[in-house]
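Computed over heavy atoms, backbone and side chain alike; hydrogens, waters and symmetry mates excluded.
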Amino acid sequence: MVIALYNIKGGVGKTSTTINLAFNASKKSKVLVWDLDPQGASTFFLDKKVKRRNLIEKANLKGLKKYIKKTNLSNVDLIPADLDLRDIDKYL
C-alpha cells in the first residue's frame, strides 16, 4: 500500500500525520518514509540529517535503494530529505 500526503500550504500537519501513520503502520508491516520536503522535518524527526546530494538525478541513474536509511523506530526506514528537492515539482 502507498499513502502520499501533499498540501501546498504549510502548517497543516503533513509531517505529524506522516510520522504518526508510519509509527502505527510499523506495528504490522515495514514502512518506508520518503521525505520529499526540502525543509526535512520528517528526516529531522526520525533523527537523520538533511543533505544536499542531487537525489533526483542520482535516483534516475542508480535507483533509490542505496539511499534508504534505518531509523530508531522498528520497521520504519527513511529516504532522507534532500535540499535539492525544492525543485521536485519540475520532475513530478
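Under the 4.5 Å side-chain heavy-atom criterion for ILVMFWY residues, a single connected hydrophobic cluster contains both F45 and V31. The cluster map of Ile, Leu, Val, Met, Phe, Trp and Tyr, joined by side-chain heavy atoms under 4.5 Å apart, puts L78 and Y67 in different clusters.
With rounding to the nearest 0.5 Å, the separation of CG in L46 from OG1 in T15 is 10.0 Å. A distance of 11.0 Å separates OH of Y6 from CG of D37, quoted to the nearest 0.5 Å. Distance check, rounded to the nearest 0.5 Å: CG of N75 to CG of L32 gives 12.0 Å.
Of all the heavy atoms in S26 and S74, the pair that sits closest is CB-O, 3.4 Å. What you find for V33 and A22 is that their closest heavy atoms are CG2-CB, 3.7 Å. Pairing each heavy atom of K48 with each of K69, the nearest pair is CE-CB, 4.3 Å.
The side-chain contact (heavy atoms from CB on, under 4.5 Å) check on L5 picks up T17, T18, L21, with sequence neighbours excluded. In this structure, the salt bridge (Lys or Arg N to Asp or Glu O under 4.0 Å) partners of K30, at least two apart in sequence or on a different chain, are D77. Here S42 pairs with nothing under the side-chain hydrogen bond (donor to acceptor under 3.5 Å, both in side chains) rule; sequence neighbours left out.
You'll find the side chain of D47 stays beyond 4.5 Å of the side chain of T71, heavy atoms only.
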